[in-house]
> 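Dropping the structure in here first, questions after.
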Amino acid sequence: MRLLSYLPTAWPLLSIAVVALSLGGQSPVVLTGVALAGTVMAAVHHAEVIAHRLGEPFGTLILALAVTVLEVGLIVTLMLGAAEGAATLARDTVIAAVMIILNLLVGVCLLIGGIRHHEQSFQQTGVSAALAVLSALTVLSLVLPNYTVSEPGPVYAAPQLIFVAIVSLFLYGTFVMVQTVRHRDYFLRPEGSVEGDTEEGGGHVTRRNALISLALLVVSLASVVLLAKGLSKPLDDAVAAAGLPKALVGVVIAALVLAPEGIAATRAALANRLQTSLNLALGSALATIGLTIPAVAIVSIMIDLPIALGLTGKGTVLLLLTLLVTTQSLATGRTTVLQGAVHLVIFGVYLFTTVVP
């Protein structure tokens, strides 16, 4: 049992060796997969240590930002190295991340939370603010390009791309300021929470341990991205051999990168801390759009690579349905298993239509 307590520290360090083997093409796929699973669990552990030290919403914000920054790095790296499909890579990855977060992650949290606790509550004011920003970011980034005429196709002209990137950063920065400074209480658990199940930072985690966990969290998340990248080619080959659409690879890679947040949010929902789950989910979705689009815009302009951000008709319908249902299911501050089931059905439709377009 004592050996198990060292695993959260050992996994990030062991993953460095596996990453080196993976990048050199010498790591077996099974070993890479095992290392990825262990590193994801280590990332969740260290994220929870930091969250306990800092309290809400700072702990969940750090995890969302860390994962998103590394996700942006993975997208840009793959985009620069892609010989085919680079123009739509960012769009496919971003929409996959949004659908996974808003439908799969939120759906699982609401379903299992409802099964265990019957009904859960959260601060509806903060959630509504996050959804308002998220709706604006997703439509401006992924829907509006289909209706501009400066460039043919679902592509922004360079001035339009720069403008949308600035708007995305402005909206995300404003949201972070509201979440952490001006209206921090909007993102804390509502009054009447169960005693002994607080989300405010604790005195049981020392500053030294929190800093160690922060360093290991960064190492873990970087390893998750690099290990996922190492698995991308075998996965790509397997998908091609099975005759499945290439977009499925982006869905799987996005799921792997988002796994640390997903596990942390699920555990919070089981512990009747739905506010933490929603802070993680919505904060991650906001960071995915608010940081990814500006980063992709910079790369696109620097290397003169057209970026097709506009979704297809099917993608637009599913995105708008997701935003509508999320707004309605989180409109009362209370949730049951029903809302979770609806979100999971929408994700099932998204996944099925990705496999069978």
> Keeping the roles fixed (side chain from K314, backbone from P357), state whether a donor-acceptor pair exists under 3.5 Å.
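The answer is no, because no donor-acceptor pair under 3.5 Å joins these two groups.
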
> Any heavy-atom pair between the side chains of L282 and L102 that's under 4.5 Å?
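Side-chain contact under 4.5 Å: yes.
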
> When you group the ILVMFWY residues by side-chain heavy-atom contacts below 4.5 Å and let the links chain together, are V127 and V133 in the same group?
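Result: yes, single cluster for both.
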
> Please check: side-chain N/O of T148 versus main-chain N/O of P145, any donor-acceptor pairing under 3.5 Å?
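Yes, because the side chain of T148 sits within donor-acceptor range (under 3.5 Å) of the backbone of P145.
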
> Taking a hydrophobic cluster as the set of Ile, Leu, Val, Met, Phe, Trp and Tyr residues connected by side-chain heavy atoms closer than 4.5 Å, whether directly or through intermediates, do I50 and L216 fall within one such cluster?
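No, because I50 and L216 fall into different hydrophobic clusters, even though each may have its own neighbours under 4.5 Å.
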
> Kindly determine whether R53 and R207 satisfy side chain to side chain contact (heavy atoms under 4.5 Å, CB included), including the steps that lead there.
CA-CA 8 Å; R53 170 69 184 182; R207 185 170 182 267; 3.7 Å; yes

> If you round to the nearest 0.5 Å, how far is CD1 of I289 from CG of L140?
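Here the interatomic distance stands at 10.5 Å.
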
> Are V18 and L14 connected in the hydrophobic side-chain network, where two residues link if heavy atoms are under 4.5 Å apart?
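Different clusters: V18 never reaches L14 through Ile, Leu, Val, Met, Phe, Trp or Tyr contacts under 4.5 Å.
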
> Please check if V155 and I307 belong to a single hydrophobic cluster, counting links between Ile, Leu, Val, Met, Phe, Trp and Tyr side chain heavy atoms closer than 4.5 Å.
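Result: no, two separate clusters.
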
> State the NE2-CG distance between H343 and L110, to the nearest 0.5 angstrom.
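If I round to the nearest 0.5 Å, the distance is 6.0 Å.
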
> Would you mind telling me which of T335, T336, V337, V106 makes a side chain to side chain contact (heavy atoms under 4.5 Å, CB included) with L111?
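Going through T335, T336, V337, V106 one by one, the side chain to side chain contact (heavy atoms under 4.5 Å, CB included) with L111 is satisfied by V337 alone.
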
> Take L258 and S284 through the test side chain to side chain contact (heavy atoms under 4.5 Å, CB included) and record every step on the way to the result.
CA-CA 9 Å; L258 292 169; S284 177; 3.8 Å; yes

> What pair of heavy atoms forms the shortest contact from L104 to L344, and how long is it?
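Looking at all heavy atoms of both residues, the shortest contact is O-CD2, 3.8 Å.
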
> Check whether any side-chain heavy atom of S168 lies under 4.5 Å from a side-chain heavy atom of V164, and answer yes or no.
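Sidechains of V164 and S168: in contact.
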
> Provide the closest heavy-atom pair for G290 versus Y172 in the form atom of the first, atom of the second, distance.
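Taking every non-hydrogen atom into account, CA-CB, 4.1 Å.
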
> Going by atom types alone, do S220 and H46 pair a side-chain donor with an acceptor below 3.5 Å?
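No pair is found: no donor N or O on one side chain lies under 3.5 Å from an acceptor on the other.
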
> If you round to the nearest 0.5 Å, how far is CG of L321 from OG1 of T316?
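If we round to the nearest 0.5 Å, T316:OG1 and L321:CG are 12.5 Å apart.
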
> Could you pull out the closest heavy-atom pair between S121 and L274, with the gap in Å?
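For S121 versus L274, the nearest heavy atoms are O-CB, 4.1 Å.
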
> Counting N and O atoms only, with roles assigned by atom type, does the side chain of N279 sit under 3.5 Å from a partner on the main chain of F187, one being a donor and the other an acceptor?
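At least one qualifying donor-acceptor pair exists.
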
> So, taking the atom named CG in L280 and the one named CG in L105, what distance separates them when rounded to the nearest 0.5 Å?
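Answer rounded to 0.5 Å: 8.0 Å.
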
> Could you tell me whether the side chain of F175 reaches within less than 4.5 Å of the side chain of L134, counting heavy atoms only?
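A side-chain contact is absent here, since even the closest heavy-atom pair is not under 4.5 Å.
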
> Measure the OG-CG distance between S141 and L311 for me, rounded to the nearest 0.5 Å.
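Separation between the atoms: 10.0 Å.
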
> Does the T138 side chain pair with the main chain of S135, one donor and one acceptor, at a distance under 3.5 Å?
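Present.
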
> With no hydrogens and no angle check, is any side-chain donor or acceptor of S277 less than 3.5 Å from a backbone partner on A269?
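At least one qualifying donor-acceptor pair exists.
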
> Apply side chain to side chain contact (heavy atoms under 4.5 Å, CB included) to residues T93 and T292 and explain how you reach the verdict.
CA-CA 10 Å; T93 306; T292 299; over 6 Å; no

> Between Y350 and N103, does the side chain to side chain contact (heavy atoms under 4.5 Å, CB included) criterion hold? Intermediate values first, please.
CA-CA 9 Å; Y350 164 73; N103 288 319; 5.6 Å; no

> Atom CG of L217 and atom CG of L211: how far apart are they, to the nearest 0.5 Å?
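Atom-to-atom, L217:CG and L211:CG are 12.5 Å apart.
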
> For the residue pair V49 and S213, what are the closest heavy atoms and their distance?
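V49 and S213 have their closest heavy atoms at CG1-OG, 3.4 Å.
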
> Looking only at heavy atoms, what is the nearest atom pair of I301 and A158, with distance?
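Shortest heavy-atom separation between I301 and A158 comes out as CD1-O, 4.5 Å.
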
> List the atom of S329, the atom of Q339, and the distance in Å for their closest heavy-atom pair.
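Taking S329 first and Q339 second, the nearest heavy atoms are CB-CG, 3.4 Å.
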
> Is there a donor-acceptor pair under 3.5 Å between the side chain of Q123 and the backbone N or O of Q275?
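Between the backbone of Q275 and the side chain of Q123 there is no qualifying donor-acceptor contact (under 3.5 Å).
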
> Does L161 reach the side chain of S300, with side-chain heavy atoms less than 4.5 Å apart?
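Side-chain contact under 4.5 Å: yes.
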
> Give the cluster check for F163 versus L142: same hydrophobic cluster or not, with ILVMFWY residues linked at side-chain heavy-atom distances below 4.5 Å.
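Yes; tracing contacts between hydrophobic side chains, which count when under 4.5 Å, links both residues.
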
